[in-house]
Every structure is written in structure tokens, then in C-alpha cells.
Amino acid sequence: GESVGLHLPTLSVQEGDNSIINCAYSNSASDYFIWYKQESGKGPQFIIDIRSNMDKRQGQRVTVLLNKTVKHLSLQIAATQPGDSAVYFCAENKWGGSQGNLIFGKGTKLSVKP
Amino acid sequence: DAGVIQSPRHEVTEMGQEVTLRCKPISGHNSLFWYRQTMMRGLELLIYFNNNVPIDDSGMPEDRFSAKMPNASFSTLKIQPSEPRDSAVYFCASSLSGGGYTFGSGTRLTVV
């Protein structure tokens, strides 16, 4: 029979457009945030991180924005490509915490239309 | 560095059998994590080690699951006896305390 799975939010974009993936985090004490990309059949892969003393950080085609007031994190991907199709997870932690225990969000599926 | 290495990549076993999953973390990393990923629950932390010592195993489903880290370069996750509901992808990840995790490619376990 059909299994009921985790319903992931899905974002569908046209190739070449910009993508914005959003994440609400839970712990106001968290001060370190990471975005991961997981392609089908692979493990999550680090994309970019940001510490709470910053509100914006840029990488290659990706930008992470942090709004601590509303506990919101976003990942912007410029000129989205078919290879960007994947599930994207945000994760939060307390930087340097002895436990090093990241808390992962549920994920957003990005689908890029050629 | 070859990254986090997991074996086997795929495992199919019969209910009741013992299953052992293996992980080699990145050299120099001092934290190691075992995660389980299913469609129903997403990514779940099972257990993590810091400097080879288990710190938090509250995510281990039940006594059928056990994990060891005999040295800084090797860890195992064992399920005995296995059940169909254990079918999932099991990921190992390692990190240097306070940093981001590097994940392995996972072991897809199917228990029939």
C-alpha cells in the first residue's frame, strides 16, 4: 500500500531564476547556523554557515541571511541551475558547544525546471 | 581526505538477523554522529560520541540498537535483532567540536 511520508515543502523555479529557501529556527540561544544540500542517494553536504554576529554571508552563488529578531534564516541561490535540484536543510547549534549537536529542520525540496 | 566513509552502501537482511554498519570519520575530527533518515521522520539523531565517548544516546530507538567507538577512526552501529521498521538510510557524520558536520554517503538498510 501507499506509505504516508514526510511532506516536504517544495519550491519549483525556472532555470536561471533566483531561489529563496526559508527556515524558522527554534532556539533563541542558537548562534551558529548551517545550510545543507542533499541530493538523491547522497548524504547532506555543507553549503554555507553563518554565526549570529552576522546577518548576511555570501558564498559562490549562495547567500545566507539571518534575522535573529524573528528567528528566521534564508538561503538565496542566484541563477539557479538544474544541479541545484535537491533537498535543502537548515541546522542550528550553539557555536563551540561541547555537545556539538546540530538540530536539523525538516527540509525543503528545490526543483529546477529547464 | 576521503571524507567520512561508510560501509556497506546497501544492506538487505532478513528480519531477526544482526546488522552491523561501519563508519570511518575524517581524521582529526573529534565528534561522531549516527543519524537515521526515513520519509516518515526525516533525519533523526541516534547517538553521538565526543572523543570516542558516547555523550547522548537518547535517540537510540531501543535496546536492539547499540553503537561503539573503540578508537578515533572507527565506529559501528549494530542492530540485533533487526526488524522491518528499521529499514532506513543510516548516516554517519563527523565534526570538529562546534563546527559543521561532514556526512558520509549513508547505508541503505532494507529488512525483509
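Convention: sequence-line order gives letters A, B, ...; per-chain numbering from 1.
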Linked, directly or transitively: A:W35 and A:F104 (ILVMFWY side chains, under 4.5 Å): no

Let me know if B:Q37 has heavy atoms under 4.5 Å from chain A in its side chain, its backbone, both or neither. side chain

Is it the case that more than 12 heavy atoms not belonging to B:N71 sit under 6.0 Å from its CG atom? yes

Engaged part of B:R108 at the chain A interface, taking heavy atoms whose separation is under 4.5 Å: neither

What one should report as the nearest heavy-atom pair of B:F103 and A:Y36 is CE1-CE2, 3.9 Å

Heavy-atom neighbours of A:Q14 CD exceed 12 at 6.0 Å: yes

Single-linkage hydrophobic cluster B:F49~B:L21, side-chain heavy atoms < 4.5 angstrom: yes

Taking all heavy atoms of A:Q38 and all of B:F91, pick out the closest pair and write down the distance. NE2-CZ, 3.4 Å

What pairs meet the disulfide (SG to SG under 2.5 Å) rule with one or both residues in residues 15-63 of chain A, with sequence neighbours excluded? A:C23-A:C90

Measuring only between side-chain heavy atoms, which start at C-beta, is B:Y35 closer than 4.5 Å to A:P44? no

Structural part of A:Q45 lying under 4.5 Å from a heavy atom of chain B: neither

